[in-house]
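Note that these values count all heavy atoms, side chains included, but never hydrogens, waters or copies made by symmetry. Here the structure is a predicted model, which is why all the values come from computation and not from measurement.
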Amino acid sequence: MTPAQEEELIESEFQALLNAYLTSNHRKKVEIIDRAYRFAKAAHKGARRRSGEPYILHPIAVARIVISELGLGSTSICAALLHDVVEDTEFTKEDIEANFGPKIAAIVEGLTKISGGILGNNTSLQAQNFRKLLLSMSTDIRVVLIKMADRLHNMRTLGSMRPDKQFKIAGETLYVYAPLAHRLGLFKIKTELEDLAFRYEHPTKYAEIMEKVNRSEAYRHEVVEKFVAPVRKKLDAAGYKYEIKARVKSAYSIFNKMETKKIPFEEVYDIYAVRVIFDNDDDTKERVRCWEIYTFFSDGHKVHPDRLRDWTSVPKANGYRALHLTAMGPDGKWIEVQIRSRKMDEIAELGYAAHWKYKTGETDEDSELDKWMNTIKDILANPEPNAMDFLDTIQLNLFSSEIYVFTPNGDLRVLPTGSTILDLAFDIHTELGTHCIAGKINHKLVPLNYRLDSGDQVEIITSKQQSPKREWLDWCHTAKAKNCLRNLLRKDPTSMIAHGRNIFEAFLARLNMEISDEMMRRILKNYRLQTPDDLYLMLASDEISLSPERLKNLERKRTSMMKRLFRNPFASKKTGPEPDERSAHAPIDRSSLFVLHPDDTHPNYRLDNCCAPVPGDDVLGFVDDDEQVVVHKVSCPKAMMLKTGYGSRLVATRWGSTAEMFIARISIEGIDRKGMLRDITSTLTEKLNIDIRNLSIEADNEVFKCKLTVKIDTTDTIGQIINSLKNINGIKTAIRIS
């Protein structure tokens with residue numbers, strides 16, 4: 001583009017932003033938005049993105065997401081236009097405040113504090129950066145909403161980044177931003193973030209799923225129209241103003257279901273769903289009308305009794321309200337139906353925070369969102385959490401679905417699925433959790449570690465003599481309960497130290513070893529601890545985990561003692577021949593594509609057997625402390641942690657040609673008959689020439705299950721094996737397992 005063409009493009013994009021603002025229901029403050037644009041344009045003059053386009057197009061795009069997809073107003077639009085000014089130019093927060101006031105300056109400062117990604121390359125920075133995000137969210141939710149818009153635009157333009165950067169940003173998006181969007185009720189943004197991350201992490205699988213979704217579009221449309229035709233007549237007769245949409249499940253959701261259920265695309269029953277959105281002029285009749293529309297479906301269709309979900313009376317924690325049912329479609333498959341009013345739909349799409357707090361200006365101090373913000377403040381109260389523990393507990397709480405339980409006087413408490421009596425006690429009050437000895441559900445006594453179900457009415461039983469125990473940490477599921485417990489236990493560390501010493505001594509006893517004073521000094525020095533008691537305290541708090549791996553090499557490799565004794569989460573068990581311990585590995589070029597050579601006498605990588613990847617799997621490489629590439633499946637949970645926190649150590653990989661054989665495991669189920677085992681083995685050995693390493697088969701009445709271990713060269717061979725097994729009479733499923 002010529003400079004004149006670039007200028008025309010920039011002005012056109014800004015005009016599109018203004019048009020989006022002018023068609024919204026906010027008060028029209030065009031003048032301050034125009035000033036913010038001119039200020040940002042001058043500040044970023046000459047700067048360009050990696051794609052080569054003028055940098056100012058990025059803040060304009062973020063501001064368009066802020067108004068069009070989040071429904072925020074002029075203050076947020078200005079902050080979005082200015083969000084990179086303080087970080088990337090010579091202008092300061094004071095300059096922003098002088099020109100645009102303290103509110104916009106405070107939001108820009110909050111965005112600057114959490115710039116450069118939520119999770120740094122250094123583990124010691126991870127908790128701090130994540131704290132900044134959560135702290136800014138608990139003071140002004142708009143900081144996080146604008147950061148979400150920033151991340152969404154970065155994901156939309158991720159193609160211009162290096163492959164290793166794509167892995168890091170995609171991993172961070174799946175680990176933090178997508179669940180955060182879900183928790184804030186930003187369904188559209190959550191779905192797009194997941195799909196974009198999936199597209200970069202598994203490009204082949206993404207293309208396959210989208211091709212199958214597009215191919216079945218005409219058939220889907222025909223089925224849905226037949227399904228809703230009788231309901232349309234009833235809605236029209238009742239005088240409803242409505243629209244009916246066919247919602248297709250996202251590619252990432254389909255992939256997740258295929259992976260977790262181990263089923264092919266064709267067996268994912270809920271690929272599409274029907275959404276009924278009706279206009280409603282009376283809030284008091286909203287719920288009644290949802291149930292009336294439910295009867296329109298239940299009168300003409302078979303409704304699944306176990307798949308009714310009523311979020312009209314008790315909303316989800318993110319403010320989501322709707323009535324869900326599942327009915328039998330004309331093709332004999334179940335179809336999910338979501339019934340929403342127009343207001344419910346806006347909240348579901350735009351998000352509870354954006355719609356209620358900053359679109360209409362209403363506030364509700366007792367809202368579920370405010371309660372969740374209070375839990376964030378409780379988590380931040382913990383002074384020095386272990387970085388990865390902190391991230392994991394937060395991420396667990398972001399992802400988890402909710403259960404609804406009641407106190408004896410009928411108060412509703414919303415907790416993550418899996419919560420226990422202890423979690424509820426600490427959720428109500430720290431003092432209640434401290435002295436909790438049991439619970440009572442439906443007049444029945446239950447222990448502290450009893451897992452609660454939705455609908456339970458729970459009475460917490462306490463005793464003044466009760467005090468927190470270390471084992472309570474194993475019984476807690478929520479971040480709030482765990483952090484409260486850690487703080488309480490640190491105040492009286494005697495029992496924690498004793499427990500940690502027992503863990504350490506039991507570990508050594510199992511290995512029949514003793515630790516010398518010199519070795520203990522090395523351990524303490526590595527962790528910057530003063531005394532063995534400090535070490536025992538960390539062990540008892542689960543901040544260190546012991547591993548017997550290669551402990552016998554301690555004397556031979558003292559300089560790497562800590563990596564041998566304490567499990568590094570990024571170390572892996574090696575497969576194949578041990579590399580020469582004396583050889584020094586040349587630094588790996590992280591910016592280039594690393595070709596994996598599995599057929600060499602000495603492979604140029606190590607396999608991590610947490611996920612056992614084989615050629616053909618989507619994999620990434622992690623460069624360890626010895627400058628060796630450790631290979632994981634992209635979808636491996638450990639790989640997720642690596643992508644999130646150690647992006648600078650990632651390297652994009654590609655499988656080279658291979659003559660090496662790898663271990664793969666297959667699970668088979670079917671109807672038992674005479675000759676089944678013979679047919680399985682002959683198919684593998686005679687027809688496919690496969691080397692069987694292990695086979696176990698068990699029959700229960702007419703059903704059999706078989707676990708098979710084979711040696712293969714690539715994932716294509718696994719596909720051939722599975723297809724051949726499925727052709728055997730009586731075999732119903734054959735899937736690859738980790």
Residue pair [X] / [Y]: nearest heavy atoms and the distance that separates them:
X	Y	answer
Val314	Trp311	O-CD1, 3.4 Å
His44	Pro59	CD2-CG, 4.5 Å
Lys190	Ala178	CG-O, 3.5 Å
Cys476	Thr420	CA-OG1, 4.4 Å
Thr173	Pro179	O-CD, 4.2 Å
Thr89	Ala43	CG2-O, 3.3 Å

Taking the side chain as C-beta and beyond, is there a heavy-atom pair between [X] and [Y] under 4.5 Å?
X	Y	value
Ile403	Val405	yes
Leu186	Met148	yes
Phe622	Val651	no
His324	Ile339	no
Arg151	Leu193	yes
Val85	Leu82	yes
Arg340	Val276	no
Pro54	Ile10	yes

Can you tell me how far [atom2] of [Y] sits from [atom1] of [X], rounded to the nearest 0.5 angstrom?
X	Y	atom1	atom2	value
Met161	Tyr200	CE	OH	10.5 Å
Asp345	Lys245	CG	NZ	5.5 Å
Cys290	Met344	SG	CE	4.0 Å
Asn483	Phe426	CG	CZ	11.0 Å

Could you pull out every donor-acceptor pair under 3.5 Å between side chains of residues 96-108 and any protein atom, sequence neighbours left out?
from: Asn99; atom 1: ND2; to: Asp95; atom 2: O; distance (Å): 2.8

Does any N or O in the side chain of [X] come within less than 3.5 Å of the main-chain N or O of [Y], such that one atom is a donor and the other an acceptor?
X	Y	result
Tyr252	Ala197	no
His632	Val634	no
Ser419	Pro416	yes
Thr434	Thr430	yes

Quiz prompt | Step-by-step side chain to side chain donor-acceptor pair (under 3.5 Å) determination, Glu194 to Tyr177 | solution = CA-CA 9 Å; Glu194 287 177 339; Tyr177 285 98; over 6 Å; no
Practice problem: Evaluate side-chain contact (heavy atoms from CB on, under 4.5 Å) for Leu145 paired with Leu72, printing each intermediate quantity in order. | Solution: CA-CA 9 Å; Leu145 295 173; Leu72 302 183; 4.1 Å; yes
Cationic N near anionic O, under 4.0 Å, [X] to [Y]:
X	Y	value
Glu90	Lys45	no
Arg38	Glu11	yes
Glu6	Arg48	yes
Arg64	Glu69	no
Asp618	Lys205	yes

Quiz item: Side chains of Asp195 and Tyr206: is there a donor and an acceptor less than 3.5 Å apart?
Solution: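 There is no such pair between these side chains.
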Quiz item: Going by atom types only, do Ser76 and Arg142 share a side-chain donor-acceptor pair under 3.5 Å?
Solution: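 No, because no side-chain N or O of Ser76 sits under 3.5 Å from a partner of the opposite role on Arg142.
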Quiz prompt | By ring-ring contact (aromatic ring centres under 6.0 Å, His included) - contacts of His202 (at least two apart) | solution =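 Checked His202 against ring-ring contact (aromatic ring centres under 6.0 Å, His included); matches are Phe198, Phe255.
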Exercise. Any pair with a residue in residues 68-88 that passes ring-ring contact (aromatic ring centres under 6.0 Å, His included), sequence neighbours left out, goes on the list, sorted by first then second residue, please.
Key: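 Every pair satisfying ring-ring contact (aromatic ring centres under 6.0 Å, His included) with a residue in residues 68-88: His58-His83.
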Quiz item: Would Lys480 and Asp423 count as a salt bridge (Lys or Arg N to Asp or Glu O under 4.0 Å) if you check the C-alpha gap in whole Å, the side-chain angles of each, and the deciding distance to 0.1 Å?
Solution: CA-CA 8 Å; Lys480 178 180 179 180; Asp423 289 310; over 6 Å; no
Quiz prompt | Pair Phe39 and Phe91, ring centroids less than 6.0 Å apart | solution =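 Distance test on ring centres: under 6.0 Å, yes.
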Practice problem: Please step through side-chain contact (heavy atoms from CB on, under 4.5 Å) for the pair Gln166 and Lys168, ending with a clear verdict. | Solution: CA-CA 5 Å; Gln166 290 175 353; Lys168 178 190 183 300; over 6 Å; no
Quiz item: Is Arg50 atom CZ crowded by more than 12 heavy atoms from other residues, nucleotides or ligands, each under 6.0 Å away?
Solution: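 At most 12 heavy atoms, drawn from other residues, nucleotides or ligands, come within 6.0 Å of this atom.
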Quiz item: Take atom CZ in Arg342; do more than 12 heavy atoms of anything else shown fall under 6.0 Å from it?
Solution: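 Counting neighbours around CZ of Arg342, more than 12 heavy atoms of other residues, nucleotides or ligands fall under 6.0 Å, so yes.
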Self-check item: Pair Thr312-Arg287, side chain to side chain donor-acceptor pair (under 3.5 Å): steps then yes or no
Solution: CA-CA 6 Å; Thr312 60; Arg287 187 162 177 263; 3.0 Å; yes
Self-check item: Contacts of Arg199 that satisfy salt bridge (Lys or Arg N to Asp or Glu O under 4.0 Å) - sequence neighbours left out
Solution: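 Not a single residue meets the salt bridge (Lys or Arg N to Asp or Glu O under 4.0 Å) criterion with Arg199.
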Quiz item: Is there a side chain to side chain donor-acceptor pair (under 3.5 Å) between Arg49 and Ser160 once you walk through the steps?
Solution: CA-CA 9 Å; Arg49 303 192 80 206; Ser160 59; over 6 Å; no
Report all side-chain donor-acceptor pairs from residues 14-21 shorter than 3.5 Å, counting only partners two or more places apart or in another chain.
from: Gln15; atom 1: NE2; to: Asn19; atom 2: OD1; distance (Å): 3.4
from: Asn19; atom 1: ND2; to: Gln15; atom 2: O; distance (Å): 3.3
from: Tyr21; atom 1: OH; to: Arg27; atom 2: O; distance (Å): 2.2
from: Tyr21; atom 1: OH; to: Lys29; atom 2: N; distance (Å): 2.7

Exercise. Please identify each residue that fulfils side chain to side chain contact (heavy atoms under 4.5 Å, CB included) with Asn280, with sequence neighbours left out.
Key: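 Here the qualifying residues are Phe278, Asp283, Glu286, Arg289, Ser341.
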Quiz item: Should Glu243 and Arg275 be marked as a side-chain contact (heavy atoms from CB on, under 4.5 Å) after you check the CA-CA gap, both sets of side-chain angles, and the distance that decides it?
Solution: CA-CA 8 Å; Glu243 63 175 313; Arg275 184 174 295 159; over 6 Å; no
Practice problem: I would like to know whether Thr407 and Ile428 meet side-chain contact (heavy atoms from CB on, under 4.5 Å); could you show each step before the answer? | Solution: CA-CA 9 Å; Thr407 63; Ile428 296 171; 4.2 Å; yes
